[in-house]
Protein chains: 2
Amino acid sequence: MLNQSAGLDRLFHALADPARRAIVERLSRGPAAVSELARPLPMSLPAAMQHLEVLQAAGLVRTQKVGRVRTCAIEPKALSLAEQWINARRVSWERRLDRLGEYLKTMESGGDGDGADR
Amino acid sequence: MLNQSAGLDRLFHALADPARRAIVERLSRGPAAVSELARPLPMSLPAAMQHLEVLQAAGLVRTQKVGRVRTCAIEPKALSLAEQWINARRVSWERRLDRLGEYLKTMESGGDGDGADR
DNA sequence: TTGATACTTAGGCATATGCTTAACCAATCG
DNA sequence: CGATTGGTTAAGCATATGCCTAAGTATCAA
């Protein structure tokens, strides 16, 4: 899986802001121009642009300029990186809880069993 | 589902740092004391503590002090909030791509169909 | 009670973020 | 051409983050 740490940094950081999530939410319903994305946000256009740049740096958004209009769209694959990390954690702790369950059953039936957690 | 925006802010922000993810990774394999979590990190103990505080504020980690040792554990439920948000996005854009597919099929068979995207 | 261990708090500092306003280009439009 | 529209760049500023060192506090061990 390789570490991919910097990518996760950028990805989670990009998602850690309501304005940026709002942009992603809007874009998951279809492409939009920069000013269209900025309009509903409580900030200036340049500020919204900076958020867009963060999203692009995270690979979440792809843009393309035609004439004087820049059209933005989500990059669905980007989110799956975050998803995978979260899933990996879940697998990890579920396995642990299973082992704990086994251990408790062993206890019950009077065995000794090295259940050392560390 | 209600907005839950502040919670997502804290959650994603907490995950947007390699040291904090390392802590979560360690804890998904089982509970640990503060100093045990700090040891592998390239920083001082107080710095590690601050990361721990961020994780607690995000609801990702629960701690409990016994004697002079504070033991930390993950709160599996916390991650599911992030997961849900990501899933919701996916559902949204998959529906959209389906509609787009339908539209293209309609085109193909010569129909007109209002496929306006906006 | 003395000392070591395991955190905690406080203060300070460098850099990063988020935002603003004020220009500045580049395609349209009249 | 000259004015608009849509976007971009630049500079500046306030606050937030991330880290450190130094100085506590509270067990536990001898």
Side-chain angles (χ1 to χ4, degrees), chain A residues 5-27 30-74 117-118, chain B residues 5-27 30-74 117-118:
Chain A
S5 186
L8 285 169
D9 283 10
R10 280 191 292 270
L11 194 44
F12 283 127
H13 173 244
L15 296 177
D17 180 286
R20 290 194 288 261
R21 283 197 307 279
I23 291 177
V24 171
E25 283 169 21
R26 169 63 189 79
L27 290 180
V34 170
S35 51
E36 202 178 334
L37 292 172
R39 203 172 319 128
L41 301 178
M43 64 186 69
S44 68
L45 211 184
M49 290 265 305
Q50 289 177 4
H51 285 300
L52 256 175
E53 278 158 27
V54 171
L55 290 169
Q56 286 188 76
L60 274 165
V61 166
R62 165 178 56 74
T63 81
Q64 184 194 1
K65 195 162 183 176
V66 168
R68 60 184 169 176
V69 174
R70 178 175 298 280
T71 302
C72 312
I74 32 155
D117 206 292
R118 33 175 253 100
Chain B
S5 185
L8 284 169
D9 282 11
R10 282 191 290 271
L11 194 44
F12 283 127
H13 173 244
L15 296 177
D17 180 285
R20 289 194 289 261
R21 282 197 307 277
I23 291 177
V24 171
E25 284 169 21
R26 168 63 190 80
L27 290 180
V34 170
S35 51
E36 201 177 335
L37 292 173
R39 203 172 319 127
L41 301 179
M43 65 186 68
S44 68
L45 211 183
M49 289 266 305
Q50 288 177 3
H51 286 300
L52 215 43
E53 278 157 28
V54 171
L55 290 168
Q56 286 188 77
L60 275 165
V61 166
R62 167 177 53 75
T63 82
Q64 183 194 3
K65 195 161 184 177
V66 168
R68 60 186 167 170
V69 174
R70 179 175 298 281
T71 303
C72 311
I74 32 155
D117 207 295
R118 24 175 258 102

> About how many Å separate CZ of R62(A) and OG1 of T71(A), when rounded to the nearest 0.5 Å?
Replying inline: 10.0 Å
>> Using heavy-atom distances to pick each residue's nearest nucleotide on DNA chain C, tell me which of R70(B) and Q50(B) is more 5'.
In response: R70(B)
> Between atom CD in Q64(A) and atom P in dG7(D), what is the gap in whole Å?
Replying inline: 13 Å
>> Counting the atoms with a prime plus P, OP1 and OP2 as sugar-phosphate, which does S44(B) contact under 4.0 Å by heavy atoms, base, sugar-phosphate, or nothing?
In response: base
>> So, taking the atom named CZ in R70(A) and the one named CG in L52(A), what distance separates them when rounded to the nearest 0.5 Å?
In response: 9.0 Å
> Atom CE of M43(B) to atom P of dT21(D): distance rounded to whole Å?
Replying inline: 13 Å
> Which listed nucleotide (dT21(D), dG6(D), dG18(D)) is nearest to the side chain of P46(B)?
Replying inline: dT21(D)
> At what distance, to the nearest 0.5 angstrom, does CD1 of I74(A) lie from CD1 of I23(A)?
Replying inline: 13.0 Å
> How long is the gap from CZ on R20(B) to CD on E53(B), to the nearest 0.5 Å?
Replying inline: 11.0 Å
>> Please report the distance, rounded to the nearest Å, between CE in M49(A) and C1' in dC25(C).
In response: 13 Å
> Is any side-chain nitrogen or oxygen of S35(A) closer than 4.0 Å to OP1 or OP2 of dG6(D)?
Replying inline: no
> What's the CD-P distance between E36(A) and dG7(D), to the nearest Å?
Replying inline: 9 Å
> Between dT25(D) atom P and L45(B) atom CG, what is the distance in whole Å?
Replying inline: 18 Å
> Can you tell me how far the CG atom of L15(A) sits from the CG atom of L11(B), to the nearest 0.5 Å?
Replying inline: 10.0 Å
> Rounded to the Å, how far apart are D17(A) CG and dT17(C) P?
Replying inline: 12 Å
> Counting only distance, no hydrogens or angles, is the base of dA27(C) paired donor-acceptor with the side chain of R68(A) under 3.5 Å?
Replying inline: yes
> Which part of the nucleic acid, if any, lies within contact of R20(A), taking any heavy atom under 4.0 Å across all strands shown: a base, the sugar-phosphate backbone alone, or nothing?
Replying inline: sugar-phosphate
> So what does A47(B) touch, heavy atoms closer than 4.0 Å: a base, only the sugar-phosphate, or nothing?
Replying inline: sugar-phosphate
> Are H51(B) and dC19(D) close enough that a side-chain N or O sits under 4.0 Å from OP1 or OP2?
Replying inline: yes
> A33(A) near the nucleic acid: base, sugar-phosphate alone, or nothing, with a heavy-atom cut-off under 4.0 Å?
Replying inline: sugar-phosphate
>> In this structure, how many angstroms lie between the P atom of dA16(C) and the CD atom of E53(A), rounded?
In response: 16 Å
>> Rounded to whole Å, how long is the line connecting atom NE2 of H13(A) with atom C1' of dA16(C)?
In response: 9 Å
>> I want to verify a distance call: between dG7(D), dT21(D), dC7(C), whose nearest atom is closest to the K65(A) side chain?
In response: dG7(D)
